[in-house]
2 protein chains.
Amino acid sequence: MSGQPSSSTVRLAAETWEALFRSQVAVMRRLQSAPAFKKMPAKEYDVLFTLSRCPSGKLRLNEINDKVLLSQSSLSRLMDRLEKRGLVARGVAPDDGRGVLLELTEAGLELQKTIGREHVRDIAELVAPALTPAEQRELLRLTEKLRASVSGH
Amino acid sequence: MSGQPSSSTVRLAAETWEALFRSQVAVMRRLQSAPAFKKMPAKEYDVLFTLSRCPSGKLRLNEINDKVLLSQSSLSRLMDRLEKRGLVARGVAPDDGRGVLLELTEAGLELQKTIGREHVRDIAELVAPALTPAEQRELLRLTEKLRASVSGH
DNA sequence: CCCAGATAGATGCATTTGCATGTATCACTG
DNA sequence: CAGTGATACATGCAAATGCATCTATCTGGG
């Protein structure tokens with residue numbers, strides 16, 4: 001039973017989100033136009049990246065869906081494309097017959113690393129001149145805290 | 001003539017961007033599924049919002065394009081839709097015969113305000129519990145600094 | 001003034017996306 | 001263990017998107 005949120009509380013939250021969102025747009029626009037994404041659209045790379053980062057190397061479709069801003073059906077078809085190109089392999093989830101377990105192929109891992117190296121350089125060229133290391137660490141902490149709170153429930 | 005960026009510099013920048021990006025995805029996913037966006041997709045609302053925020057009330061197509069993650073052609077057609085629904089009006093730019101000047105209609109402004117009120121509440125419900133006001137102000141400052149640096153050049 | 005190049009925006013077309021729905025598996029209840 | 005509802009993913013189809021290209025206007029020499 002919390003009270004009414006004050007108008008200034010609401011406004012601060014809205015302005016914060018607005019700034020976060022616009023900065024994301026500005027950075028993403030630059031990144032997407034970089035040569036790294038001539039080979040493959042950013043959304044597809046993002047899926048390869050997500051798989052490459054996962055300890056077990058395998059992820060369920062719905063786990064990936066949490067990390068990417070795509071509908072379930074769009075992600076399913078994106079996987080079709082990646083599978084057709086031989087970059088990922090679909091498997092059956094061991095404990096759930098409905099589930100699909102996705103894994104990078106050798107070729108998929110190679111492509112991820114190739115694009116990734118270039119992409120990371122592009123990121124650093126945008127972010128490093130903009131914020132001091134201490135500021136970057138603080139931004140990292142705050143966005144991670146926000147993400148945890150939001151995906152928490 | 002700056003030297004080689006160190007590996008840790010590059011990594012910090014990459015991790016910072018990654019955290020910013022994922023937090024944006026998590027929040028946006030929640031916001032998009034809110035009832036506020038039953039009436040209209042988020043990208044279309046975003047354009048109405050951008051126009052409503054502009055002091056003169058009028059913006060060029062390419063100015064709007066800087067704020068939104070859409071290709072020029074997609075934005076042009078999004079405007080077709082909004083115009084067809086009577087929410088925005090296209091006009092000719094006074095000093096440039098090639099340019100198009102966009103303006104909200106009365107109906108467009110009303111719809112923006114209706115969705116906006118609801119949307120702002122949704123934002124506050126996600127952001128306010130996640131970060132203290134001081135943290136929000138700091139996040140606002142850092143993302144604004146990043147955006148300014150990136151769109152600067 | 002004219003012409004070459006640049007810029008703003010519109011349009012044809014193939015690809016991608018999301019909504020609604022379909023199918024298969026799971027989980028719970030009685 | 002049959003039955004009901006929920007969950008995971010796939011698919012038909014209409015709509016949205018991006019790339020390449022087109023038209024029109026602007027800009028800067030000569």
Side-chain angles (χ1 to χ4, degrees), chain A residues 25 28-48 50-51 58-85 87-103 153, chain B residues 25 28-48 50-51 58-85 87-103 153:
Chain A
V25 169
M28 185 57 94
R29 183 170 275 290
R30 293 305 210 81
L31 291 174
Q32 279 186 343
S33 66
F37 291 119
K38 287 289 181 186
K39 309 175 207 289
M40 166 175 271
K43 280 172 182 172
E44 294 186 8
Y45 168 75
D46 196 20
V47 170
L48 296 190
T50 300
L51 279 168
K58 299 177 179 187
L59 283 174
R60 293 282 295 269
L61 201 55
N62 57 3
E63 293 176 306
I64 300 175
N65 216 150
D66 290 338
K67 307 219 165 203
V68 176
L69 206 53
L70 275 177
S71 70
Q72 180 269 316
S73 61
S74 297
L75 183 59
S76 178
R77 276 191 256 251
L78 190 155
M79 287 304 178
D80 289 346
R81 274 173 266 147
L82 295 182
E83 192 180 27
K84 210 157 292 174
R85 286 175 63 181
L87 301 172
V88 305
R90 272 186 169 93
V92 190
D95 56 333
D96 188 339
R98 301 164 298 179
V100 170
L101 212 52
L102 291 142
E103 188 176 14
H153 63 113
Chain B
V25 169
M28 185 58 94
R29 183 172 276 291
R30 292 306 210 81
L31 292 173
Q32 280 186 344
S33 67
F37 291 119
K38 287 287 181 189
K39 308 176 208 287
M40 166 175 271
K43 280 172 182 174
E44 293 186 7
Y45 168 74
D46 195 20
V47 169
L48 296 190
T50 300
L51 279 168
K58 300 177 179 188
L59 282 175
R60 292 282 295 269
L61 201 55
N62 57 3
E63 293 177 306
I64 299 175
N65 218 151
D66 290 339
K67 307 220 166 203
V68 176
L69 207 53
L70 275 177
S71 69
Q72 180 269 317
S73 61
S74 297
L75 183 59
S76 178
R77 276 191 258 251
L78 189 156
M79 287 304 178
D80 288 345
R81 274 174 267 147
L82 295 181
E83 192 180 26
K84 210 158 293 174
R85 285 175 63 181
L87 302 172
V88 305
R90 273 185 168 96
V92 191
D95 57 332
D96 188 339
R98 299 164 299 177
V100 169
L101 211 52
L102 290 142
E103 190 175 13
H153 60 111

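Order of the sequence lines fixes the chain letters, A, B, ..., with proteins taken first and strands second; residue numbering starts at 1 for each chain.
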Protein-nucleotide distance (B:Arg90, atom CZ; C:dT11, atom P), rounded to Å: 8 Å

Backbone of A:Lys67 reached by a side-chain donor or acceptor of B:Arg29 within 3.5 Å: no

B:Asp66/B:Arg60 salt bridge by N-O under 4.0 Å criterion: no

Nearest-neighbour nucleotide for the A:Ser74 side chain, C:dT17, C:dG9, D:dA10 considered: C:dT17

Test item: A:Ser76 side-chain N/O and A:Gln72 main-chain N/O as donor-acceptor pair under 3.5 Å: no

Separation of D:dA10 C1' from A:Glu83 CD (nearest whole Å): 12 Å

Nearest-neighbour nucleotide for the B:Arg77 side chain, D:dT17, D:dC9, D:dC13 considered: D:dT17

Of A:Leu70 and A:Arg98, the one whose closest DNA chain C nucleotide lies more 5': A:Leu70

Between P of D:dC19 and CE of A:Met40, the distance in whole Å: 15 Å

Any A:Ser76 side-chain N or O less than 4.0 Å from OP1/OP2 of D:dA10: yes

Residue from A:Lys39, A:Arg77, A:Lys84, A:Arg85 passing salt bridge (charged side-chain N to carboxylate O under 4.0 Å, His left out) with A:Glu44: A:Arg85

Base C:dA8 to side chain B:Gln72, donor-acceptor N/O within 3.5 Å cut-off: no

Heavy-atom closest contact (B:Leu102 atom, B:Leu51 atom, distance): O-CD2, 3.4 Å

Distance in angstrom units between A:Arg81 CZ and D:dG18 P, rounded: 13 Å

5'-most by nearest nucleotide on DNA chain D - B:Pro41 or A:Lys38: B:Pro41

d(CG, A:Leu75; C1', C:dC19) in whole Å: 16 Å

Short side-chain N/O contact from A:Asn62 to OP1 or OP2 of D:dC9, under 4.0 Å: yes

Atom-to-atom span, CG of A:Leu101 to P of D:dA10 - whole angstrom: 12 Å

Upstream residue (5' side of DNA chain C) when A:Asp95 and A:Leu78 are each assigned their closest nucleotide: A:Leu78

Atom pair distance, as rounded to whole Å: CZ in A:Arg29 and C1' in D:dT17: 13 Å

Spacing between B:Asp80 atom CG and C:dG9 atom C1', to the nearest angstrom: 11 Å

Listed nucleotide nearest any side-chain atom of B:Ser73, set C:dA10, D:dC19, D:dC9: D:dC19

Sugar-phosphate only, base, or nothing, as touched by A:Asp96 at under 4.0 Å among non-hydrogen atoms: sugar-phosphate

